[in-house]
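Please read the structure below before turning to the comments.
This chain uses plain numbering: 1 for the first residue, then up along the sequence.
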Amino acid sequence: MTGARGAVCGDGALLSGTSGAPWWIGIRTDVVFHVILTKVFEAHGGLDTDHKAPGRDSASAVFSAASADDVSAGSSAELPDRMSLMDVRLQAQEDEITLLKSSLADALRKLHVLDQQIPLIKQHLIAGMEPVLLPDVLVNALLEGSALMEETGSKPQCQGSEVEEREEDEGVQKEKENLWSSSVVEEHIHPTTIRSLQQSHQDLNGLTDELPGSSSQTRGSDSPGPPREQGPSQSIKMFIRGRPITMYIPSNILNYEDLKMDLPPEKLDLDWVYGYRGRDCRANLYVLPSGEAVYFIACVVVLYHITNRTQRHYRKHTDCVRCLAIHPDKVRVATGQTAGVDKDGKPFVYIWDSTTLATLHQIGLGTFERGVGSVAFSQADGGAFLCVIDDSNEHMLSVWDWAKQSRQVEVKSTNEAVLAVEFNPSDSNIIISCGKSHVYFWTLSAGTVTKKQGIFGKYKKPKFILCFVFSLTGDVLTGDSEGNILTWGKSTFQIMRQTRAHEGSVFTLCVLQGGALLSGGGKDRRIIRWSADLAPERECEIPEQFGAVRTIGNVDGEELLVGTTRNAILRGTFSDGFVAIVQGHVDEMWGLATHPFQNIFLTCGNDRQVCLWNSEEHSMDWSTTLEESGLCADFCPNGAVVSVGLNTGRWVVMDLQTRQIVSDLTDGNEQLSVMRYSPDGSFLAVGSHDNFIYIYSVTESGRRYTRFGKCTGHSSFITHLDWSKDGKYIMSNSGDYEILYWDVAGGCKLLRNRYESKDREWASYTCVLGFHVMGVWLEGSDGTDINALCRSHDEKLVAVADDFCKVHLFQYPCPKPKAPSHRYEGHGSHVTNVCFTHSDSHLLSMGGKDTCVLQWRVRGGGGARDGRASASSTSTSSPEPST
């Protein structure tokens, strides 16, 4: 600077002297660096061990595998709880470290811009030229530094004169204190907040007004920031966990404050439920006189008409259903659920009418702990009583007069796992329960209950008694983990006979009308028919791909339904064999993609299965198993191939007709999170957890891929990305809540001026962070509460998958906070993905640990939605509020 020395202020900042230049020209970069670092550490003031790590399932504890051979004792439940808590804390610390690293990288990026701009501005001032305004990132850094000096109470002095500082609006100042200064130990989740940068831009305008010619200066297209004449309304800020995210308002929105967010006229109706919970539940498949099979998955009880291939749904449960019992009248049903993840969630039992789907009674709200493990109706008295065993450490056994909703008796059962409970069909005062290393015979008398343990005597005591039934003579037949069927005397509580039945465990027993017995094996996957005196008559083996036999339902004495441990339901006979009528995944799912012009969709997950489904016929077209877990997928626009990203950095391209892999490539060694074709199919973008986006040129109808470039600039893992409609640009989100834009056609270059992308149109919208979807974030969100979103093809709706088992439907765009939405329940785990079908007639949502895919019909709105559906799509659900 010419002829003037700057005065050093109290905090070490070098201010301009008498030259008339603005005070910020002389700021030393080390002071700015100190200011920015101070901001970073205030925002992350300590590692908050109670924050949730990204992508972790808030409901995953509900879904621990409970196969017969690895059920742990209830008395040891506290140790896994402590280990789980420590794991959560460790993941939370890793999350905070990631955020800190990304914030430091952001600070260094700002300093780099500062170092480049200050010499240029000095040269312009010396030469008497019109100034070049600072880029937005530098303005933000300087303004935050100024705000920090205000908060710390240090006011710079310059040659004895005090520099005046503007005071912010009281509400904004209070919000800033909450966001930047609150202790993360006391306030674990920073609220998501949006505020205008009006004061900041007024400050900037005030500073630039001091420069010659600044009042009439208009920026060109290559300027690093927004035009001055658009004033303070051009951008807003959204804060997630203390990190500011700047959103630029599109030019077609003239007055942001006047925008009104309304509920969309469209609503969702549950159309179909894909999947069955057989991997860790027992006795959960029955056939009703109506011809419907009743079973459950996630929070939905499904009534599937075997002949008509239609579904009805009972949807009153608020968390995962764990057990099921049929009343002697074959109409009323009892279903019990877990406590869930909500702090107010409690387990209970619903009794409902299978004909009308009307709820009759709610039993045990506030009484049971953790969940309801087993339920059973009494038989001899017409089903007047209901027996319930919960999942507490003591596995409390209670008997209820369910019509009066009154508890008759309650007693501690055992600290070991309990797997089944039933009333004696000829005497409602006798109850049998079994589980780990025990069979208990309970007797009710005058409001008290006594317990007698079954005596194994000379027979080897098995590790688990897995199931039992009552023979026509009144004897108790049990199946155990040693592969034996034990016959217990009805009054002696001792073993009368041992019958070798299966290699491995006997998972299920079923008594037929004539007294014959069916048994289902685990390891050998066999179904054996026994005579009344336990002589084997017939047997068959189910295909290995479906797993072990979990439960058997009798249709008409000859035809059977078989639930398996790999979440399939088979229909068939001993003579003709069995075919699958219900199939599903068996582990956490993340990948979901819909075909560009057909009614099919693809899913993939941690079970290494890739499944292609027909959304019109409600069936699985085919399934194949990969070498690694599939986490993301996308169809090529030509509809002939689909790309699947795996958890090792590898990705494959599969031909839909031949199911063969036509291309196999690898990018890095970390998991892939997103695959996205450009609108014309000429490029494929691959987002990875190594912070890079790999771009490939696509030829030969999607069968040949050549590396085109790599987008480098994110400081955390890639979470979502979308292409522009012209196929030249990409918008991407990362794990540290960053929004970046890329010029792919220009060589995969990072667009430093994000303002220039505010009016760009996007072919799809799946990025969870962006101006057009800012309103989907609820107050109190921590940045990982929304796993996915999807805009409809007609650009009128946006569906959101959250971490609290909910699916939301918003209008699009929804750029203002607290936007209203329709909310839908049904999933029992974090919802990992959502996607509209090509015609927007249906929405698909995918649960994580609940291994369930829900298909929703979009109704209303007056739009021309493709409502084509076969007769098999007829579906009725119990009333479900959607607010």
Side-chain angles (χ1 to χ4, degrees), residues 264-276 292-317 321 357 569 581-585 589 592-595 598-603 611-621 790 792-794 796-801 805-809 822-828 831-847 850-861 863-882:
E266 295 84 355
K267 293 186 178 181
L268 301 179
D269 292 326
L270 184 59
D271 179 54
W272 201 262
V273 177
Y274 299 89
Y276 157 74
E292 294 172 306
V294 55
Y295 58 92
F296 57 77
I297 184 171
C299 304
V300 183
V301 184
V302 180
L303 295 94
Y304 174 75
H305 199 286
I306 302 170
T307 304
N308 298 338
R309 296 178 59 196
T310 59
Q311 282 188 356
R312 296 188 299 140
H313 312 112
Y314 180 77
R315 297 177 54 205
K316 288 299 184 181
H317 282 283
V321 183
L357 300 179
I569 297 178
I581 60 174
V582 175
Q583 291 178 265
H585 285 267
M589 302 181 296
L592 174 66
T594 55
H595 196 275
Q598 296 181 26
N599 293 320
I600 58 177
F601 64 95
L602 182 136
T603 59
C611 302
L612 187 71
W613 307 82
N614 188 311
S615 61
E616 191 172 1
E617 297 296 329
H618 307 130
S619 61
M620 180 187 292
D621 284 350
C790 180
S792 61
H793 296 86
D794 62 9
K796 294 181 179 179
L797 300 172
V798 59
V800 173
C805 316
K806 306 296 188 297
V807 174
H808 300 261
L809 192 67
H822 299 299
R823 187 184 68 177
Y824 299 93
E825 299 179 345
H827 286 288
V831 186
T832 57
N833 217 330
V834 287
C835 199
F836 285 95
T837 57
H838 69 96
S839 62
D840 291 335
S841 63
H842 292 81
L843 174 73
L844 297 159
S845 62
M846 171 185 287
D850 67 16
T851 68
C852 176
V853 177
L854 300 183
Q855 180 172 309
W856 308 85
R857 184 186 298 109
V858 181
R859 63 174 172 88
R865 303 205 179 268
D866 185 359
R868 290 177 300 170
S870 63
S872 64
S873 67
T874 303
S875 173
T876 304
S877 296
S878 53
E880 179 69 22
S882 59

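Interatomic distance, C611 SG to Q583 CD, rounded to the nearest 0.5 Å: 7.5 Å. Distance check, rounded to the nearest 0.5 Å: OH of Y274 to OG of S619 gives 7.5 Å. One distance of note links CG of L797 with CD of E266; it measures 4.0 Å at 0.5 Å rounding. Between H822 atom NE2 and K267 atom NZ the span is 5.5 Å, to the nearest 0.5 Å. Here CG of L854 is found 12.0 Å from CD of E825. Values are rounded to the nearest 0.5 Å. M620 contributes atom CE, which lies 3.5 Å from atom CH2 of W613 (distance to the nearest 0.5 angstrom).
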> Passes side chain to side chain contact (heavy atoms under 4.5 Å, CB included), V800 versus V807? Steps please.
Replying inline: CA-CA 6 Å; V800 173; V807 174; over 6 Å; no
> Passes side chain to side chain donor-acceptor pair (under 3.5 Å), H313 versus Q311? Steps please.
Replying inline: CA-CA 7 Å; H313 312 112; Q311 282 188 356; 2.8 Å; yes
>> Please evaluate residues V294 and V302 with respect to the criterion side chain to side chain contact (heavy atoms under 4.5 Å, CB included), reporting the C-alpha separation (whole Å), side-chain torsions for both, the decisive distance (0.1 Å), and the verdict.
In response: CA-CA 6 Å; V294 55; V302 180; over 6 Å; no
> Are R312 and E292 close enough, and set up right, to give a salt bridge (charged side-chain N to carboxylate O under 4.0 Å, His left out), and what steps lead you there?
Replying inline: CA-CA 9 Å; R312 296 188 299 140; E292 294 172 306; 2.9 Å; yes
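Counting only heavy atoms from C-beta outward, the side chains of I297 and T851 approach each other to under 4.5 Å. Within the 4.5 Å cutoff, the side chain of V858 has heavy atoms near those of the F836 side chain. Proximity of I581 to Y304: side-chain heavy atoms (C-beta onward) are separated by under 4.5 Å at one or more points.
The two residues L844 and L592 make their nearest non-hydrogen contact at O-CD2, 3.8 Å. Of all heavy-atom pairs spanning E617 and N614, the tightest one is N-OD1, 2.8 Å. Nearest heavy-atom pair across Y314 and L303 is N-CD1, 4.4 Å. Between L809 and P264, the shortest heavy-atom distance links the atoms O-CG, 3.5 Å. The nearest pair of heavy atoms linking V582 to G275 is CG1-O, 3.7 Å. In terms of heavy-atom proximity, G828 sits nearest to C805 at C-SG, 3.8 Å.
If you check the side chains of N599 and H842, you find no donor sitting under 3.5 Å from an acceptor. For the residue pair N308/T310, the side-chain donor-acceptor check at 3.5 Å is not satisfied.
For the pair R823 (side chain) and K806 (backbone), a donor-acceptor distance under 3.5 Å is absent. One N or O on the side chain of T832 and one on the backbone of M846 form a donor-acceptor pair closer than 3.5 Å. Checked by atom type and distance alone, the side chain of T594 never pairs as donor or acceptor with a backbone atom of C835 at under 3.5 Å. For the pair D850 (side chain) and A298 (backbone), a donor-acceptor distance under 3.5 Å is absent. Side-chain atoms of H793 come within 3.5 Å of backbone N or O of T837 as a donor-acceptor pair.
In terms of the side chain to side chain donor-acceptor pair (under 3.5 Å) criterion, residue partners of Y276 (sequence neighbours excluded) are, by chain and number, N284. With sequence neighbours left out, S615 forms a side chain to side chain donor-acceptor pair (under 3.5 Å) with no residue at all. Partners of S845 by side chain to side chain donor-acceptor pair (under 3.5 Å), not counting sequence neighbours, listed by chain and number: H827, W856.
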